[in-house]
Participant: 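Here it is, the structure in full.
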Amino acid sequence: MMKNPAIPAQDISEAEADARLRQSHFDIGALLAKADHRFTADDHRAANSFYTAAAQYIGQNDVMAAQHAADAQRATAMIEYCGQLFRQHLNDYLDNAGFTKSNRHPRFQKSLEMMLGESERPPTNQAFPQTPLVYYYPDLPYVDFADPVDFPWRGKLEEQYPAMRREAEALLAHGADFKPYIKTTEERPQGDVHGMLENPDWSTLYLWENGAAVDDHVKLCPTIFEAVMENAPLCHIGPRAPSVMLSLLRPGAHIPPHTGMLNCRYICHLPLIIPGGCGFRVGERRVEWEEGEMLMFDDTVQHEAWNKGDENRVVLIIDIWRPELDDAEREQVTALFAAVDSY
């Protein structure tokens, strides 16, 4: 059993650290205080993220690096210690779940080694490579947009497009409670790189979120929910996936280029209300949504969207497993994130 390192006595409360970080996410003292409070509370995942943010910000500025050399050294040591705890936890959890190293799928084992920093991702020559923010699953063919022909189940959703659109129109007409897609949180370091934090121009209404149906929203659009749940092979990974949501992009809004979390799934769009002037890019390919025609794409390839029209755009969004993953791989990925979420 590893012995916890000593944490210095804090003269900054966690509430004060949160308040200071709301003012500036570059506040090194507040980042370290937040990290120490989270570590003391045994929330090692959050602690590691704040130590990492502090170390990164210090390293990005020569003057700051000189002023905070001792802070950077301590943060780096804590990152290494948290990494050791994390590696041990994941391997123990997977072993106890029956996924020992000897019987893990080869692709899954490679993904785990890359996640833990034990091996490096092979180089790629793609102009827009898969760049997942959380988890890279190796040896999958490069795809920007998947061929809808390969997903015959989509026809059952597209058949119900007229009724789905009526439900979406009713949501807009009655002022349904769409919320900004990117929300403020104090659980992790957070900047506003894309200018979309708490921005209602890009808003969502979840029908399924954090592993469960959102009953109040399902009541507003039962046709949409039933069609998805009965027909789509959703990617179930505990509270992380799937998301079943209606995405609202207001007139004049632009979602800047970004990438998603996991490349072991596809994101599916079923366009419900598409005014003129709307478009979408994944990698090097630009498309225009066609109402009632589903698109599937890898959201870990850089993508962006825009609405240059004068009406709201509404798209149904769901996520499904990439078909290349067999049942054993899906079980192991699900177990991995159960381990992450229990850490």
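We're numbering straight along the sequence, starting at 1.
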Participant: For residues 236-250, run the donor-acceptor check on the side chains, cut-off 3.5 Å, and write out each pair with its distance to 0.1 Å, sequence neighbours left out.
Facilitator:
{"unit_1": "Arg240", "atom_1": "NE", "unit_2": "Asp341", "atom_2": "OD1", "d": "3.1"}
{"unit_1": "Arg240", "atom_1": "NE", "unit_2": "Asp341", "atom_2": "OD2", "d": "3.3"}
{"unit_1": "Arg240", "atom_1": "NH2", "unit_2": "Asp341", "atom_2": "OD1", "d": "2.9"}
{"unit_1": "Ser247", "atom_1": "OG", "unit_2": "Arg313", "atom_2": "NH2", "d": "2.7"}
{"unit_1": "Arg250", "atom_1": "NE", "unit_2": "Pro200", "atom_2": "O", "d": "2.9"}

Participant: Taking ring pair (Phe, Tyr, Trp, His ring centres under 6.0 Å) as the definition, give me every residue that meets it alongside Phe26, ordered by chain and number, with sequence neighbours left out.
Facilitator: Tyr57
Participant: Please name all residues satisfying salt bridge (charged side-chain N to carboxylate O under 4.0 Å, His left out) with Asp71, sequence neighbours left out, ordered by chain then number.
Facilitator: none
Participant: Check side chain to side chain donor-acceptor pair (under 3.5 Å) between Gln160 and all other residues, then give those that pass, not counting sequence neighbours.
Facilitator: none
Participant: Could I get the full list of side chain to side chain donor-acceptor pair (under 3.5 Å) partners for Trp208, not counting sequence neighbours?
Facilitator: none
Participant: Excluding sequence neighbours, so at least two apart, what forms ring pair (Phe, Tyr, Trp, His ring centres under 6.0 Å) with Tyr266?
Facilitator: none
Participant: Taking salt bridge (charged side-chain N to carboxylate O under 4.0 Å, His left out) as the definition, give me every residue that meets it alongside Arg285, ordered by chain and number, with sequence neighbours left out.
Facilitator: Asp144
Participant: Sorted by first residue and then second, give each ring pair (Phe, Tyr, Trp, His ring centres under 6.0 Å) pair with at least one member in residues 298-338; sequence neighbours left out.
Facilitator: Tyr135-Phe337, His258-His303, Phe297-His303
Participant: With sequence neighbours left out, write down each residue that passes salt bridge (charged side-chain N to carboxylate O under 4.0 Å, His left out) with Asp177, or none if nothing qualifies.
Facilitator: Lys179
Participant: Using side chain to side chain donor-acceptor pair (under 3.5 Å) as the criterion, list what pairs up with Tyr136, not counting sequence neighbours.
Facilitator: none
Participant: Identify, with sequence neighbours excluded, every residue that meets side chain to side chain donor-acceptor pair (under 3.5 Å) alongside Ser342.
Facilitator: His89
Participant: What pairs of residues pass the ring pair (Phe, Tyr, Trp, His ring centres under 6.0 Å) test when at least one of them lies in residues 95-131, not counting sequence neighbours?
Facilitator: none
